[in-house]
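Worksheet for the structure shown next.
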Amino acid sequence: MIKRAALIGLGTMGPGIAARLSRGGLDVAAYDVSEVAVERARGMLDLAGGVLDRLDIKGPTAGAGTARFVRTLAEAVDGAELVIENVPENIDIKAETYRAIDPLIGSSVIVASDTSGIPITKLQAHISHPQRMVGMHWSNPPHIIPMIEVIGGEKTAPETVATIRELIRSIGLLPVVVKKDVPGFVENRVLYALLREAVDLVERGVIEPEDLDTCVSWGIGYKIAVIGPMALLDMAGLDIYKSVSSFLNADLSNRDDVAPMVLEKTGASKFGIKSGEGMFSYTPEQIKALQGERARKLVAVRRILEGRE
Ligand SMILES: NC(=O)C1=CN([C@@H]2O[C@H](COP(=O)(O)OP(=O)(O)OC[C@H]3O[C@@H](n4cnc5c(N)ncnc54)[C@H](O)[C@@H]3O)[C@@H](O)[C@H]2O)C=CC1
Ligand SMILES: Cc1ncc(C(=O)O)c(C(=O)O)c1O
């Protein structure tokens, strides 16, 4: 079983992943090219640990895991059986990272990417042991959301997929194996279908952004956490779905480019919480309060969904 992991990239996702893996008993060496990112990650690691305590996620009885920050890529991968690449969603940056890792690791080391949706087949073209490369797609916030997609590319060995699936299961998380290496895998194909329609409705003035969120969170999200889409079809009735989809599907957004509203906001550096403004505006105090409140609610909902209260 994998015991030592290297985590490369400590931005939005890295600290939560480090916290969850170390709580699962792994020794994690964490590295980022940016000193600022490392300092931020140190603080986030403690916060994530507090959330894991509230979720009652305990370390293994024998030999608890550790997370340490290292200053070079070579130090990070030294002795690691698993390297998790978690750098920005840009194929050139990821390829460059694999080229740097390649001469530092042996052929038995598994390289997993947390890519949101770049096919693994494309990524493994940049590594010399493609049979050992696999997609390991966490969901944000990664220390709270228990589901992780596992994706093999054309050249991934079935044993590599099996090893990562077993690792995820062994630390108390929920692996879902995606059987075909389609862009966006499954989670983001479904999420981006929803987001495309949501952005389109706001952009066309059908609804205000706040009301869109109320409608989706309370009308769909709350329900779907308990009754997944396939089960929902059976609850509503496939006859109803047939009737509604016969006229509605043709009217849904099918745009294949990025919506103008999103281009306009990103062009003005309005990225959301990370820049203080996106779809909504945030003061630093509001961001802190929002993050605490969201973690609290996600923990409470998860405890209920798991039947723990
Ligand atoms: N943000 C999200 O909600 C989710 C993101 N992902 C995926 O996870 C990956 C990381 O995403 P984020 O954490 O959001 O990105 P981010 O942009 O917040 O962080 C990336 C980090 O990588 C560092 N970095 C860049 N080049 C590097 C290199 N050569 N070596 C070491 N560190 C390097 C940067 O300094 C930065 O701290 C992406 O592939 C993304 O698509 C997956 C699930 C959710
Ligand atoms: C908007 C958005 N895009 C990608 C992801 C991902 O899973 O990669 C997420 C997420 O919540 O994890 C996301 O919200």
Side-chain angles (χ1 to χ4, degrees), residues 12-13 88-91 113-123 135 137-142 145 147-149 151 176 178-282 290 294 297-298 301:
T12 304
M13 297 294 286
E89 189 77 344
N90 173 309
I91 192 157
S113 175
D114 184 28
T115 174
S116 294
I118 301 172
I120 304 308
T121 304
K122 281 194 176 175
L123 296 180
H137 177 227
W138 298 66
S139 199
N140 190 17
I145 308 294
M147 192 284 305
I148 302 178
E149 289 179 301
I151 316 100
V176 170
V178 179
K179 290 160 64 184
K180 294 190 180 175
D181 187 22
V182 291
F185 317 129
V186 171
E187 189 191 13
N188 276 333
R189 288 184 81 90
V190 174
L191 175 63
Y192 277 70
L194 186 153
L195 291 178
R196 176 167 65 180
E197 186 60 31
V199 167
D200 190 62
L201 289 166
V202 169
E203 189 158 48
R204 290 199 287 131
V206 175
I207 194 163
E208 290 299 319
E210 292 83 357
D211 292 337
L212 183 287
D213 279 3
T214 305
C215 176
V216 174
S217 293
W218 282 109
I220 304 167
Y222 167 55
K223 178 165 62 188
I224 231 154
V226 178
I227 312 153
M230 296 294 109
L232 191 64
L233 283 173
D234 280 352
M235 188 175 98
L238 286 166
D239 50 335
I240 297 295
Y241 180 68
K242 179 183 167 213
S243 302
V244 177
S245 59
S246 72
F247 68 86
L248 187 55
N249 281 2
D251 200 62
L252 296 174
S253 172
N254 65 353
R255 72 174 317 133
D256 59 10
D257 57 356
V258 181
M261 180 173 75
V262 174
L263 290 177
E264 197 183 301
K265 285 183 186 293
T266 52
S269 297
K270 295 179 181 171
F271 300 125
I273 281 185
K274 67 177 87 168
S275 64
E277 188 173 349
M279 299 302 299
F280 304 108
S281 297
Y282 311 85
L290 206 53
R294 285 177 179 171
K297 287 182 178 172
L298 286 170
V301 170

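The shortest distance between side-chain heavy atoms of Pro141 and Leu298 falls below 4.5 Å. For the pair Glu197 and Leu201, the minimum side-chain heavy-atom distance is below 4.5 Å. You'll find the side chain of Ile151 stays beyond 4.5 Å of the side chain of Val182, heavy atoms only. Using a 4.5 Å heavy-atom cutoff, the side chains of Met235 and Leu232 are in contact. Contact annotation: the side chain of Met279 approaches that of Lys265 to within less than 4.5 Å [non-hydrogen atoms, C-beta and beyond]. Residues Tyr222 and Ser217 fail the side-chain proximity criterion, which asks for heavy atoms closer than 4.5 Å. You'll find the side chain of Glu203 stays beyond 4.5 Å of the side chain of Glu264, heavy atoms only. The side-chain heavy atoms of Val206 and Val202, taken from C-beta on, include no pair separated by under 4.5 Å.
The neighbour count for Glu208 CD, taken as heavy atoms of other residues, nucleotides or ligands under 6.0 Å away, does not exceed 12.
Looking at Asn188, its side chain does come within 3.5 Å of a backbone N or O of Ser116 through a donor-acceptor pair. Without hydrogens or angle criteria, Asp181 side chain to Pro119 main chain gives no donor-acceptor distance under 3.5 Å.
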Practice problem: Given salt bridge (charged side-chain N to carboxylate O under 4.0 Å, His left out), test Asp200 with Arg196 step by step and report yes or no. | Solution: CA-CA 6 Å; Asp200 190 62; Arg196 176 167 65 180; over 6 Å; no
Exercise. Would you please test Phe271 and Thr266 for side chain to side chain contact (heavy atoms under 4.5 Å, CB included) and show each step?
Key: CA-CA 6 Å; Phe271 300 125; Thr266 52; 4.0 Å; yes
Practice problem: Walk me through it: do Val176 and Ile148 pass the test side chain to side chain contact (heavy atoms under 4.5 Å, CB included)? | Solution: CA-CA 6 Å; Val176 170; Ile148 302 178; over 6 Å; no
Quiz item: Would Asp114 and His137 satisfy side chain to side chain contact (heavy atoms under 4.5 Å, CB included), going step by step from the backbone distance to the final call?
Solution: CA-CA 5 Å; Asp114 184 28; His137 177 227; 3.8 Å; yes
Quiz item: Could you walk me through whether Thr115 and Ile91 pass the side chain to side chain contact (heavy atoms under 4.5 Å, CB included) check?
Solution: CA-CA 9 Å; Thr115 174; Ile91 192 157; over 6 Å; no
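Across Ile145 and Asn140, no two heavy atoms sit closer than the pair CG1-O, 3.8 Å. Taking each heavy atom of Gly272 and Tyr282 in turn, the nearest pair found is C-CE1, 4.2 Å. Closest approach of Glu149 to Val186, counting heavy atoms only: OE2-N, 2.9 Å. Nearest heavy-atom pair, Tyr241 versus Leu233, reported as atom, atom and distance to 0.1 Å: CG-CD2, 3.5 Å. Between Met13 and Pro142, the shortest heavy-atom distance links the atoms O-CG, 3.4 Å. For the pair Leu290 and Ile273, the tightest heavy-atom approach, listed with the atom from each and the gap, is CD2-CD1, 4.2 Å.
To the nearest 0.5 angstrom, Ser245 atom OG is 13.0 Å from Asp251 atom CG.
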